[in-house]
Amino acid sequence: MSSHRIFPVQTPDYLLSCQFSSWYPTYSSISIKSTVIRPLDQPFKEYLDSDGIFVPEGSENLPAESSLSDQEDEDDEDDDAAVGRSFSFPDLDERIRQVIKEYGAVFPKLNFSSPKDASWILPPSSPLKCTSPSDVYILLKSSDFVSHDLSVDTVFEGCQYDPSNPPSYQLELVLRKWYPIDRSREFRCFVREGRLIGISQRDTNFYDFMNEPQTQNKIVETLQRFWEEKIKSKWHGQQDYIFDVLMTRDLSRGHVLDFNPYAPRTDPLLFTYEELLSVFTQGLSAPKLRIIDSPLHPVASRNAPAHQHNMLPIEALALSSGRDINDFSDLWKKEIQQSMNDDDDE
């Protein structure tokens, strides 16, 4: 099977139709309440592109207490100045605070990508929940996923265009109202040439209820109806796309979470794109559903946290900014020793 059959033609206009600000105005009534801040200025992009994990000055709600000495704090300031690592975004901070006040809490993303690979950096009881600008920044700064959205080269990878006249692209920050979401009700839906052909469970945990035939039939029927009534007629771009849905508790309705291009960059989850092409060519009357059907399923979670390769202790992140590996190692040992001494004193 040739690659041009597996995937539709990739053009800049097609990819941009899937960025958040392109689809959200049309589907806001069936999606999560969100605010788009655009365009973001060049210094903000430079901040996200810079080395290290740190928050801009003035972005925290309250000054964090430091366990470092005054001399070490002064050294930090000298190091920051020396390498040009000082960033401050007072206007953006204020706008983020306004949205947080309106929504209660937010979770951020950029044009296409969300920092779900960095969810470990905030409290596990409420992953991706941001209540201050610094929370937003540290999530984005700690994520590998969002780096895709920072460069025209990566955004339009696989497209043909004149390098001397690249497509117009503006970086945007999306703040979505935070809710505690039941991941078992999230699904990814695949549309090819105007036909809903596949539905995949998004979470990689095994759920008993998902293996009941009645439940599976209801999921397929609801999502087919939801797509036909709420999405299909309003999507005016290329008729190949992938959308994510959160179903209601009774599995009778859905909320659109995101749209993605039908492209190699979008994870097909429990399918392969070759399998989706086979499903498409079969011309089935209903979409094919894939779920984790056993605790022994090859991709089922094994109690290991997702994206664990990205994880570092939060204390390590706090200390690492602006230091080379030897300085960081020495300081980290001091912090551990201090913690042991504190335990001995209790």
Side-chain angles (χ1 to χ4, degrees), residues 1-11 14-15 17-18 22-23 26-27 29-31 181-294 297-300:
M1 288 179 285
S2 59
S3 60
H4 76 274
R5 292 185 58 205
I6 294 176
F7 299 105
V9 175
Q10 309 287 303
T11 66
Y14 167 59
L15 295 179
S17 70
C18 294
S22 296
W23 65 260
T26 302
Y27 297 103
S29 64
I30 56 171
S31 188
I181 288 178
D182 182 354
R183 294 292 310 280
S184 71
R185 293 185 275 115
E186 285 188 74
F187 295 90
R188 174 158 290 181
C189 303
F190 302 84
V191 176
R192 189 74 194 268
E193 294 187 12
R195 285 172 43 207
L196 179 60
I197 60 172
I199 300 169
S200 173
Q201 177 182 335
R202 286 191 73 194
D203 189 25
T204 56
N205 284 293
F206 169 75
Y207 298 99
D208 279 323
F209 80 93
M210 200 86 74
N211 286 270
E212 300 169 359
Q214 184 177 358
T215 298
Q216 294 185 13
N217 290 337
K218 187 166 187 178
I219 290 170
V220 172
E221 291 169 3
T222 296
L223 291 179
Q224 176 89 37
R225 183 176 65 253
F226 178 72
W227 172 70
E228 290 178 349
E229 295 178 356
K230 303 292 186 181
I231 296 177
K232 183 179 180 180
S233 63
K234 295 181 179 180
W235 185 266
H236 299 303
Q238 187 169 313
Q239 295 300 302
D240 306 279
Y241 53 91
I242 296 168
F243 64 97
D244 296 328
V245 177
L246 173 67
M247 299 188 73
T248 55
R249 192 177 302 275
D250 62 1
L251 303 179
S252 67
R253 293 175 294 113
H255 301 280
V256 172
L257 297 178
D258 210 354
F259 281 86
N260 298 282
Y262 200 106
R265 71 182 65 183
T266 305
D267 191 343
L269 299 177
L270 301 181
F271 291 96
T272 67
Y273 280 109
E274 288 79 7
E275 290 171 334
L276 286 167
L277 177 59
S278 177
V279 172
F280 172 68
T281 56
Q282 290 174 32
L284 303 177
S285 59
K288 188 175 183 61
L289 175 67
R290 286 270 176 94
I291 53 99
I292 302 289
D293 56 9
S294 164
H297 191 285
V299 302

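Since the model is a prediction, treat every value here as computed from it, not as a measurement.
- Between Q216 atom CD and F209 atom CZ the span is 10.5 Å, to the nearest 0.5 Å.
- Separation of atoms CG (D182) and CG (L246) is listed at 8.0 Å; rounding is to 0.5 Å.
- Inter-residue side-chain proximity for F7 and D240 is flagged as unmet; no heavy-atom pair is nearer than 4.5 Å.
- L270 places a side-chain heavy atom less than 4.5 Å from the side chain of Q201.
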Discussion item. V191 vs F243, test: side-chain contact (heavy atoms from CB on, under 4.5 Å). Steps then yes/no.
Written reply: CA-CA 8 Å; V191 176; F243 64 97; 3.8 Å; yes

Worksheet item: Given the rule in the side-chain hydrogen bond (donor to acceptor under 3.5 Å, both in side chains) test, do Q282 and S278 qualify, once you have shown the distances and angles that lead to the verdict?
Response: CA-CA 6 Å; Q282 290 174 32; S278 177; 3.2 Å; yes

Fill in: Intermediate values then yes/no, side-chain contact (heavy atoms from CB on, under 4.5 Å), I291 and N211
CA-CA 8 Å; I291 53 99; N211 286 270; 3.4 Å; yes

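- The two residues A300 and S294 make their nearest non-hydrogen contact at CB-O, 4.1 Å.
- Every residue meeting the side chain to side chain contact (heavy atoms under 4.5 Å, CB included) condition with D208, not counting sequence neighbours, appears here in chain and number order: F206.
- In this structure the side chain of Y273 never reaches within 4.5 angstrom of the side chain of P264, judged on heavy atoms.
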Item to complete: Check the pair T281 / R5 against side-chain contact (heavy atoms from CB on, under 4.5 Å), numbers first and verdict last.
Response: CA-CA 11 Å; T281 56; R5 292 185 58 205; 4.1 Å; yes

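- The structure places CG of L223 at 7.5 Å from CG of L196, a figure rounded to the nearest 0.5 Å.
- In this structure, NZ in K234 is found 6.0 Å from CD1 in I30, a value given to the nearest 0.5 Å.
- When all heavy atoms of Q224 and A286 are compared, the closest pair comes out as OE1-CA, 4.3 Å.
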Worksheet item: Run the side-chain contact (heavy atoms from CB on, under 4.5 Å) check on V256 and K230 step by step: do they pass?
Response: CA-CA 10 Å; V256 172; K230 303 292 186 181; over 6 Å; no

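- When side chains are defined from C-beta on, C189 counts as touching I199, because their heavy atoms get closer than 4.5 Å.
- Between the Q10 side chain and the P8 main chain, a donor and an acceptor come within less than 3.5 Å of each other.
- The shortest distance between side-chain heavy atoms of I292 and N205 does not fall below 4.5 Å.
- Ion pairing of K288 with E275 is absent here, as no side-chain N (NZ or NE/NH1/NH2) approaches a carboxylate O to less than 4.0 Å.
- Contact check for E186 versus D203: no side-chain heavy atoms found under the 4.5 Å cut-off.
- The heavy-atom pair separating W227 from R195 by the smallest distance is CH2-CA, 4.0 Å.
- Residues satisfying the ring-ring contact (aromatic ring centres under 6.0 Å, His included) criterion with F190, sequence neighbours excluded, are F271.
- Applying the side chain to side chain contact (heavy atoms under 4.5 Å, CB included) rule to L251 yields the partners R185, T215, K218, I219, M247; only residues at least two apart in sequence or on another chain are considered.
- The distance from the CZ atom of R202 to the OG atom of S184 is 13.0 Å, given to the nearest 0.5 Å.
- Side-chain atoms of R192 never come within 3.5 Å of backbone atoms of Y262 as a donor-acceptor pair (strictly under, hydrogens ignored).
- Between F187 and M210 the shortest heavy-atom distance is CZ-SD, 3.8 Å.
- Between the Q239 side chain and the G237 main chain, a donor and an acceptor come within less than 3.5 Å of each other.
- Side-chain atoms of I231 and F259, non-hydrogen and from C-beta on, do get closer than 4.5 Å to each other.
- The closest side-chain heavy-atom distance from Q238 to S17 is not below 4.5 Å.
- Remark: side-chain polar atoms of R188 are not paired, donor with acceptor, to backbone N or O of I242 under 3.5 angstrom.
- Side-chain atoms of T266 come within 3.5 Å of backbone atoms of P261 as a donor-acceptor pair (strictly under, hydrogens ignored).
- The backbone N or O of W235 sits less than 3.5 Å from a side-chain atom of Y27, completing a donor-acceptor pair.
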